[in-house]
> 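Take a look at this one; I'll ask things after.
Reckoned from all heavy atoms, side chains included, excluding hydrogens, waters and symmetry mates. Quick caveat: nothing in here was measured; it's all calculated off a predicted structure.
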Amino acid sequence: MKDYASAYHAWQQKKRISQLISLCRDEGILLSRIGLGSLSTPMGTAEIATLAVRFGRALGRLAAATPSGALA
């Protein structure tokens, strides 16, 4: 990927990022409509570990809902 715009060259990618954003929201993680998020300086190790676990669950659910080979 050369730049931001090249990340969205196919409608399938747009659909997957929308699905990921929704799955993250289900896990309590808020992302912008283009998938951007941020960390806060008061976050400690426990909060970041929780974020990583929840994000991992969202990614796992996305992978389970995506036909084999469609993420390539």
Side-chain angles (χ1 to χ4, degrees):
M1 175 169 48
K2 296 187 312 187
D3 55 34
Y4 166 80
S6 65
Y8 291 95
H9 68 275
W11 69 269
Q12 294 93 346
Q13 289 177 322
K14 290 180 185 180
K15 182 178 176 185
R16 283 197 303 271
I17 193 67
S18 293
Q19 290 171 327
L20 179 59
I21 291 166
S22 178
L23 292 167
C24 282
R25 188 175 38 250
D26 292 347
E27 291 288 341
I29 300 170
L30 298 179
L31 299 175
S32 74
R33 64 181 179 83
I34 59 171
L36 297 175
S38 66
L39 300 175
S40 175
T41 54
M43 293 176 77
T45 303
E47 291 85 6
I48 294 170
T50 299
L51 175 67
V53 167
R54 291 178 179 193
F55 190 72
R57 280 196 305 241
L59 286 174
R61 289 174 57 201
L62 179 65
T66 304
S68 181
L71 291 176

> Do side-chain atoms of Ser22 reach the backbone of Ser18 as a donor and acceptor pair under 3.5 angstrom?
no
> List, one per line, each side-chain donor-acceptor pair under 3.5 Å for residues 43-65, sequence neighbours excluded.
residue : atom : partner : partner atom : Å
Glu47   : OE1  : Gly44   : N            : 2.7
Thr50   : OG1  : Ala46   : O            : 3.0
Arg54   : NH1  : Glu27   : O            : 3.2
Arg57   : NE   : Glu27   : OE1          : 3.0
Arg57   : NE   : Glu27   : OE2          : 3.3
Arg57   : NH2  : Glu27   : OE1          : 2.7

> List in chain and number order the residues that pass side-chain contact (heavy atoms from CB on, under 4.5 Å) with Ser32, two or more places apart in sequence or in another chain; answer none if no residue qualifies.
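In terms of side-chain contact (heavy atoms from CB on, under 4.5 Å), with neighbours along the sequence ignored, Ser32 is linked to Ile34, Leu36.
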> Using 0.5 Å steps for rounding, measure from the CG atom of Leu30 to the CD1 atom of Ile21.
11.0 Å
